[in-house]
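Shown next, in structure tokens, is the structure this report addresses.
Just so it is clear, the values below take in all heavy atoms, side chains as well, and ignore hydrogens, waters and symmetry mates.
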Amino acid sequence: MRFVLLLLVLAACSVNTTPDVGGSGPVTILGDTGGNPYEYAALHAELKASGRQVRLGGCNSACTMLTSLPNACLIRGTRFGFHASNLNGRFNALSAEYLTPVIRQHFLSTWGKSREMTKLTAEEMVALDPALKLCSATH
């Protein structure tokens with residue numbers, strides 16, 4: 001039974017869950033529930049190299065790794081959710097690497113210790129860490 005469960009977990013991790021960001025121009029990611037942190041690390045690298053603006057809104061779990069992108073902004077009134085990895089915290093360290101230092105500290109000391117989702121609005125995120133930016137009305 002444990003072997004079957006492990007296979008199901010590994011299969012779930014291999015499914016591409018990151019948003020499609022093909023094309024050019026600004027990227028808007030809304031209502032993203034997260035997924036495999038390795039895929040989001042690759043997406044982070046791709047978006048960082050592209051220099052494209054990334055507008056984030058309604059972003060949970062591994063998707064929050066994108067908040068640290070240099071050209072990222074958070075859409076006002078949307079929520080961002082943090083929680084411990086579903087694989088016994090295995091991915092917490094990887095996810096934390098892609099958060100800003102202030103958000104990383106909160107994630108590692110509090111939010112990443114529970115499987116319950118800690119939700120913050122974009123405004124709360126920026127108040128907590130001024131290195132993050134809110135999207136302007138024109139972006």
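- When the side chain to side chain contact (heavy atoms under 4.5 Å, CB included) test is applied to A96, the partners found at least two apart in sequence or on another chain are R104, F107, L108.
- Evaluation of the side chain to side chain donor-acceptor pair (under 3.5 Å) test over residues 68-80, restricted to residues two or more places apart or in two chains, returns H44-S68.
- To the nearest 0.5 Å, atoms NE2 (H106) and CG (D129) are separated by 8.0 Å.
- To the nearest 0.5 Å, atoms CG (L134) and OG1 (T121) are separated by 8.5 Å.
- To the nearest 0.5 angstrom, T67 atom OG1 is 7.5 Å from F80 atom CZ.
- Looking at every heavy atom in both residues, A84 comes nearest to K113 through CB-C, 4.1 Å.
- Across all their heavy atoms, H83 and S61 have their closest contact at NE2-OG, 2.9 Å.
- Listed by chain and number, the residues in a ring pair (Phe, Tyr, Trp, His ring centres under 6.0 Å) with F82 are W111 (sequence neighbours excluded).
- If you take CG on L66 and OH on Y98, they are separated by 10.5 Å, rounding to the nearest 0.5 Å.
- Taking all atoms of both residues into account, the shortest heavy-atom contact from G35 to Y40 is N-CE1, 3.7 Å.
- Residue pairs meeting the ring-ring contact (aromatic ring centres under 6.0 Å, His included) criterion with at least one member in residues 49-68: none, sequence neighbours excluded.
- The 12-atom threshold is exceeded at CD of E124, counting heavy atoms of other residues, nucleotides or ligands nearer than 6.0 Å.
- Annotation for I29 and V54: closest pair CD1-CG1, 4.4 Å, computed over non-hydrogen atoms.
- Checked by atom type and distance alone, the side chain of N92 pairs as donor or acceptor with a backbone atom of G112 at under 3.5 Å.
- Clustering of Ile, Leu, Val, Met, Phe, Trp and Tyr by side-chain heavy atoms under 4.5 Å joins I75 with L30.
- The structure places CZ of R52 at 8.0 Å from CD of E46, a figure rounded to the nearest 0.5 Å.
- With sequence neighbours excluded, the residues forming a side-chain hydrogen bond (donor to acceptor under 3.5 Å, both in side chains) with K119 are N60, listed by chain and number.
- More than 12 heavy atoms of other residues, nucleotides or ligands shown are found within 6.0 angstrom of NZ on K133.
- Under the 4.5 Å side-chain criterion, counting only non-hydrogen atoms from C-beta, L69 is not in contact with L56.
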